[in-house]
Amino acid sequence: MGKKITVSVIKADVGGYVGHSAMHPDLIEEANNRLEGAQHQEKIIDYHVTACGDDLELIMTHRNGTDNRDIHQMSWEIFESCSDTAHRLGLYGAGQDLLSDAFSGNIRGMGPGVAEMEFEERESEPILIFLADKTSAGAWNLPLYKMFADPFNTAGLAISPSMHAGFRFEVHDVKNHKRIIFDAPEELYDLLVFIGAAGQYLIKSIYTKDNEIGAVSSTERLALIAGKYVGKDDPALVVRCQGKFPAVGEALEPFTMPQIVEGWMRGSHYGPLMPVPVQQATPSRFDGPPRVIALGFQLAGGHLVGPRDMFDDPGFDRAREKTNELSDLLRRHGPFEPHRLPMEAMEYTTLPDVMKKLEGRWEPLD
Ligand code: 13P
Ligand code: 13P
Ligand code: MG
Ligand code: MG
């Protein structure tokens, strides 16, 4: 047993209630029961089960490190049994994100999203866990950039000696399975060239300059794994706060801007990301607008003290209002871009079937 703590957030959509709008309480109960058992058997230190929209999220702490077979297998089995419950209840899209038939060592690449980090717990260790629904994994790029690289968002970058050196960004090219590391602020413009294209280049993790992990996200892109549209990624993000990392308020601040993200109805539209309390993470209008929740915990010997529901604060009312205004504007575009995704991204939706049907009807112009 090492001294280090691992925080694992593993999530999947195993069935929606009703449609893709929310989570049935029986699935939460099932996952809670299984994780309570695992805690009794000392497989994990602590856990918290939650849902953002129709996505079931297992938040776990343990000492096994990242990519641990036992933790991944247990998570897979929990999703399978929750998926059985979902089938029994006739929930929508039961087993939606479980793309493989059998577990083979690591849950990555099997459909669920994974955000895990291992670190030595500080005397006080505040962490934030962000979870989103009706959007894609790239949705964290802009907020992460603001948190860890923009002094207009994060005052500490300029005025705190412990953050002044900046951070190191690990960026994944999820289409070509490559990675690159950028140092900020030195390489800010190089970094932005790539992370501005959030469908392909995703911030996987962020480190201090002396290589202490500060943030990790799930970068699994369902459509790229499945080769077709089966649902949106609905990603997770873990951020350590205070001290050499952004303060809690600095990590929450980016969500006051209703960022336009990919997702919403049928995963095929751009829409604004609305920060909401957990209770309101139930996207209904046009299956949206996309939602983000933030759970705050203090770690104590690996125990999860919390959560605090961080967006349950009138400070985010204006962001929610703006999201509704933008939603009205975008919705009025109906099936027109830029509300609907560009053709390239529509390749992974149901559109190709319609295109195929009309293939023979196209005639040369001359
Ligand atoms: P720390 O430097 O202790 O993280 O606190 C900064 C602060 O006061 C945040 O508002
Ligand atoms: P989810 O990815 O949340 O299942 O949403 C799918 C969808 O098609 C919503 O309209
Ligand atoms: Mg769903
Ligand atoms: Mg979802």
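Counting starts at 1 for both ligands and their atoms, in listed order. If you read the sequence from its start, that first residue is 1, and numbering goes on from there.
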Does the side chain of [X] pick up a donor-acceptor pair with the side chain of [Y] at under 3.5 Å?
X      : Y      : value
Asp173 : Gln200 : yes
Thr6   : Glu116 : no
Ser205 : Glu170 : yes

The Mg ion (ligand 4): protein N, O or S atoms that are less than 2.8 Å away, sorted by chain: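 Protein N, O or S atoms closer than 2.8 Å to the Mg ion (ligand 4): Asp54 OD1, Asp55 OD1, Asp133 OD1, Asp234 OD2.
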Find out whether Tyr207 and Glu212 are in side-chain contact, i.e. whether some heavy atom of one side chain is under 4.5 Å from a heavy atom of the other. no
Donor-acceptor pair, side chain of [X] and main chain of [Y], under 3.5 angstrom:
X      : Y      : answer
Arg291 : Gly288 : yes
Glu121 : Gly301 : yes
Asn141 : Ile195 : yes

Quick one: ligand 2 N/O to protein N/O pairs below 3.5 Å?
from	atom 1	to	atom 2	distance (Å)
ligand 2	2 (O)	Lys232	N	2.6
ligand 2	2 (O)	Asp234	OD2	3.3
ligand 2	3 (O)	Asp54	OD1	3.0
ligand 2	3 (O)	Asp54	OD2	3.2
ligand 2	3 (O)	Asp133	OD1	3.1
ligand 2	3 (O)	Lys134	NZ	2.6
ligand 2	3 (O)	Asp234	OD2	3.0
ligand 2	4 (O)	Asp13	OD2	2.8
ligand 2	4 (O)	His20	ND1	2.9
ligand 2	4 (O)	Asp54	OD2	3.0
ligand 2	4 (O)	Gln96	OE1	3.4
ligand 2	4 (O)	Gln96	NE2	2.8
ligand 2	8 (O)	Tyr229	OH	2.8
ligand 2	10 (O)	Arg266	N	2.8
ligand 2	10 (O)	Asp287	OD2	2.6

Sequence neighbours excluded, every pair satisfying salt bridge (charged side-chain N to carboxylate O under 4.0 Å, His left out) that has a member inside residues 329-357: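 Applying salt bridge (charged side-chain N to carboxylate O under 4.0 Å, His left out) to every pair that reaches into residues 329-357, excluding sequence neighbours, yields nothing.
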Pairs involving residues 91-106, ordered by first then second residue, that meet side-chain hydrogen bond (donor to acceptor under 3.5 Å, both in side chains) (sequence neighbours left out): Asp13-Gln96, Asp67-Asn106, His72-Asn106
